[in-house]
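Counting starts at 1 for both ligands and their atoms, following the listed order. In this text, all values refer to a predicted model and were calculated from it rather than measured experimentally.
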Amino acid sequence: MINRKRFLQLGLLSGVTSLLLKNGRGQVVTQNGPVVISTWDAGLAANKGAWDILSRGGTALDAVENGVKITEASQNCCVGLGANPDREGIVTLDASIMDHQFNCGSVGFLERIKHPISVARRVMEKTPHVMLVGSGAQQFAVEEGFPLEPQVLSADAQNAYKKWLEHSKYEPAINRENKGHGPFAPQRFDNGEWNHDTIGMLAMDAKGNLSGSCTTSGMGFKMRGRLGDSPIIGAGLFVDNEVGACVATGQGEDVIRVAGSHSVVEMMRQGYGPEVACRKIIERIVKIKKADAQKIQVAFIAINKNGIVGSYAIHKGFNYAIKTKIKETLVDSNYHFTS
Ligand code: ASP
C-alpha cells in the first residue's frame, strides 16, 4: 500500500487535496488549463507575456518564447544585452528552447542580438542542428533578419564592470534577496554584482502540451568563451511531454555535471512529484560538491504532465513566478541548507 509520504512524493494528489496540503510556500499546485512558471521575480512580468498567448489558446512553445522576450528586452534585469559582461567587458548570451515533440534549439556565446531565444527557435525550426555558437550563431541570426545591436554596455553594467576590474576576482555571489526594491527592480547590488542571470520558463497549454525556454547572459565576469548550462539541452532545460519539464538556474557548471534538467525529468518519470524530483537532483549536487555546496546556488523548477509544479534550491532566496487562470504569484522555493 502507498503510505501518505510516498503518495505526496509521487505527486498523486488531487487538486482539492493539494490545496489543503500546501505548505505556505505553494509548493504543490494542481489546476486545470494552461499554466506558466518561470524563475525569479522577473518571471512575474515574463509570465504575462506567456499568458497573452496561452489565454488565447496559443501553444506552449509560442508562450515560452514570447514570455522570456520580455525579460530579454528589459535593460534593467538579469538577462539580455543590458546584463553584466564577461571579463573582457563583452556581453555574451546563451538561450535554449524545447517543444513537446523533442524539437529543440539553442545558441551560445552570442553577441549583439537582442532576442537570443528567438534565434534559438530559428535554429530549431530552420536548421538541421540543435546548437549554434559564437560568430556562426550571430551570422545565422543576421541572415534571419535579426538586427545587430551596438556593442555597448548599459550604464549599470559599465559600472559593475569597472568595480569588478578593481579586484578581478571571479566569485559568483549566492543569490541574495531583493533588499526591498520591489518585484520588478533590477537585481544588481551596491557592489555592482548581479545576484542571478537567467530566466527559465515552462508552460503547459490548453491542449496539455509542454514547452520550455531558458535565456541568460550567464555568470557575470565569466571567462571569455564560457558556456553555462542554459544553452545545453538536458542541463539547463529539458522537456518530455509524456512526463514533464524542468529548467535550471544558478551555477551552470554544477547543473551540467549532473545533466540537471534531464535528471529531474527522469525522477518524475520514476514517479516523483516535481518538488521531490528537483530536491533529489539538488541533493545529488550538494553531495558531489561537499563543503563547496555552501558557496554555490542552483535551483530547478519543474512541471509534470498533470500541471503540478514544484521547485527546489540549494540555498534560501530562490523564488519563481506562477500564472494560471486563477493565480498569479511569486512562490518562495524550498531549499536544502536551512542554516
Ligand atoms: N545558469 C546560468 C549560467 O550558469 C546562470 C544563472 O542562472 O544565474 O550561465
- Looking only at heavy atoms, is any part of K222 under 4.0 Å from ligand 1, and if so is it the side chain, the backbone, or both, or is it neither? neither
- Query: Salt bridge between R279 and E283, side-chain N to carboxylate O under 4.0 Å?
  - Reply: yes
- Item | Numbering as shown, the atoms of ligand 1 that approach D229 to under 4.0 Å (heavy-atom distance) | 1 (N), 2 (C), 3 (C), 4 (O)
- State whether the side chain of E111 and the backbone N or O of G134 hold a donor-acceptor pair below 3.5 Å, judged by distance alone. no
- Message: With a cutoff of 4.0 Å, is R226 in contact with ligand 1, counting heavy atoms of the residue only?
- Response: yes
- Message: Taking distance alone, with N or O pairs closer than 3.5 Å, would you say E253 contacts ligand 1?
- Response: no
- Sorted by first residue and then second, give each salt bridge (charged side-chain N to carboxylate O under 4.0 Å, His left out) pair with at least one member in residues 81-101; sequence neighbours left out. D86-R224
- Query: Between M131 and L227, is a side chain to side chain contact (heavy atoms under 4.5 Å, CB included) present by the stated rule, with each step listed?
  - Reply: CA-CA 12 Å; M131 190 171 199; L227 287 185; 4.0 Å; yes
- Task: May I ask you to check whether N241 and N209 show a side-chain donor-acceptor distance below 3.5 Å?
- Result: yes
- Sub-4.0 Å atoms of ligand 1 with respect to non-hydrogen atoms of T249: 6 (C), 7 (O), 8 (O)
- Would you mind running through ligand 1 and noting each atom that sits below 4.0 Å from a heavy atom of T198? 1 (N), 2 (C), 5 (C), 6 (C), 7 (O), 8 (O)
- Short side-chain to backbone donor-acceptor contact, T39 and G200, under 3.5 Å: yes
- Task: Looking only at distances, please establish whether an N/O atom of ligand 1 is found under 3.5 Å from an N/O atom of G252.
- Result: yes
- Message: Give the atom numbers and elements of ligand 1 that come within less than 4.0 Å of a heavy atom of G218.
- Response: 9 (O)
- Message: Looking only at distances, can you tell me whether any N or O atom of T216, backbone or side chain, sits closer than 3.5 Å to an N or O atom of ligand 1?
- Response: no
- Got a donor-acceptor contact below 3.5 angstrom from the K280 side chain to the Y272 backbone? no
- Give the minimum heavy-atom separation between V79 and T198, together with the two atoms involved. CG2-C, 3.9 Å
- Item | Any N or O of Q251 closer than 3.5 Å to N or O of ligand 1 | no
- Only heavy atoms count here, so choose which of A248, G250, G228 is nearest to atom 1 (N) of ligand 1. G250
